[in-house]
Amino acid sequence: MDGTIDRLVGLYEGGKVSRRDLVRSLAALALGLPLRGSAQTAQPPIPVVSLNHVTCFASDIPRTVAFYQELFGMPVLSDQGTGINLRAGSDTTFVGIYGAGAGEPRIDHLCLGVQGFDVDRIMGILQARGIQANVRMRDGSVPEIYMTDPDGLRIQLQDPTYCGGSGPLGNACA
């Protein structure tokens, strides 16, 4: 434990962490709680490099798209016919707006951009860990991996360049 305290104090003295973060970390250490970031493995089996997108189901697609565009200036990144993907920032991060149909408006899922996206490799890792997942082929050519977290929240895994477009990675957008 002394080594951990010395490391934390060194980070504070070097200006890498604030006094508040130092105190929080020391308190967590004293209580036996995990330190922020300590649960991360050095080399995760599925390295996530981005929050690619969040998909929302809306009661009125044009009204919702207009809201995001007028208030936040979010241009159309791609149009999938059944919904519109609005760019959120300068890269391929987006908010998808799709019809809720008879259901309630809601956030449907989040998508994580996975470094070195390889469907077979990722599915093998998930299966080996007992995590049920499925591959959906959008437009017959774009693989999309779906799974749920321990609380049942839907997660999509995709290449970081995915923009809801065409091509083998879904990264060809207008």
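Only a predicted model underlies this, so the values are computations on that prediction, with no experimental measurement involved. All residue numbers refer to positions in the sequence shown, counting from 1.
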- Closest heavy-atom pair and its distance - Met74, Ala88: CE-CB, 3.8 Å
- State, with a plain yes or no, whether a side-chain heavy atom of His53 is found less than 4.5 Å away from one of Thr93. no
- For the pair Arg121 (side chain) and Ile125 (backbone), establish whether a donor and an acceptor sit closer than 3.5 Å, ignoring hydrogens and angles. no
- Quick one: pull up CG in Leu157 and SG in Cys111 and give me the separation to the nearest 0.5 Å. 7.0 Å
- Query: When you measure from the side chain of Arg138 to the backbone N and O of Gly165, does any donor-acceptor pair fall under 3.5 Å?
  - Reply: yes
- Message: Just verifying a value: how many Å separate Leu110 CG and Leu153 CG, rounded to the nearest 0.5 Å?
- Response: 7.5 Å
- Validation row: Gln69, Val76 side chains within 4.5 angstrom (heavy atoms): yes
- Can you check side-chain contact (heavy atoms from CB on, under 4.5 Å) on Leu112 and Leu51, steps first, answer last? CA-CA 5 Å; Leu112 301 173; Leu51 173 60; 4.1 Å; yes
- Message: Using side-chain heavy atoms (C-beta onward) and a distance below 4.5 Å, is Ile97 in contact with Phe57?
- Response: no
- Side chains of Asn171 and Thr92: does their closest heavy-atom pair fall under 4.5 Å? no
- Message: Using side-chain contact (heavy atoms from CB on, under 4.5 Å), reason through Thr55 and Ile107 one step at a time and then give a plain yes or no.
- Response: CA-CA 6 Å; Thr55 295; Ile107 294 175; over 6 Å; no
- Considering the options Thr64, Thr82, Asp108, Asn85, which one meets the side-chain hydrogen bond (donor to acceptor under 3.5 Å, both in side chains) requirement together with Tyr98? Asn85
- Item | Side chains of Phe117 and Tyr162 in contact at under 4.5 Å (non-hydrogen atoms) | no
- Query: How long is the gap from CG on Leu77 to CG on Leu86, to the nearest 0.5 Å?
  - Reply: 8.5 Å
- Any idea which heavy atoms bring Val49 and Gln115 closest together, and the distance? CG1-OE1, 3.4 Å
- Query: Can you find a side-chain donor-acceptor pair between Asp159 and Thr161 that sits under 3.5 Å?
  - Reply: yes
- Message: Using a 6.0 Å cut-off, check whether atom OH of Tyr146 has over 12 heavy atoms from anything other than its own residue.
- Response: yes
- Okay, side chain of Asp79, backbone of Gly81: is any donor-acceptor separation there less than 3.5 Å? yes
- Message: Any non-hydrogen side-chain atom of Val135 less than 4.5 Å from a side-chain atom of Met123?
- Response: yes
- Atom pair CD/CD of Glu144 and Gln158 - distance to nearest 0.5 Å: 5.0 Å
- Please walk me through it: do Ser50 and Asn52 pass side chain to side chain donor-acceptor pair (under 3.5 Å)? CA-CA 6 Å; Ser50 65; Asn52 184 271; 4.9 Å; no
- Task: Say whether, by atom type as modelled, one donor and one acceptor occur between the side chain of Asp118 and the main chain of Asp120 under 3.5 angstrom.
- Result: yes
- Message: Quick check against the 3.5 Å criterion: does Ser78 have a side-chain atom that pairs as donor or acceptor with the backbone of Cys163?
- Response: yes
- Is Leu169 close to Val142 at the side-chain level, that is, under 4.5 Å between some pair of heavy atoms? no
- Do Gln156 and Arg136 have side-chain heavy atoms sitting under 4.5 Å apart? no
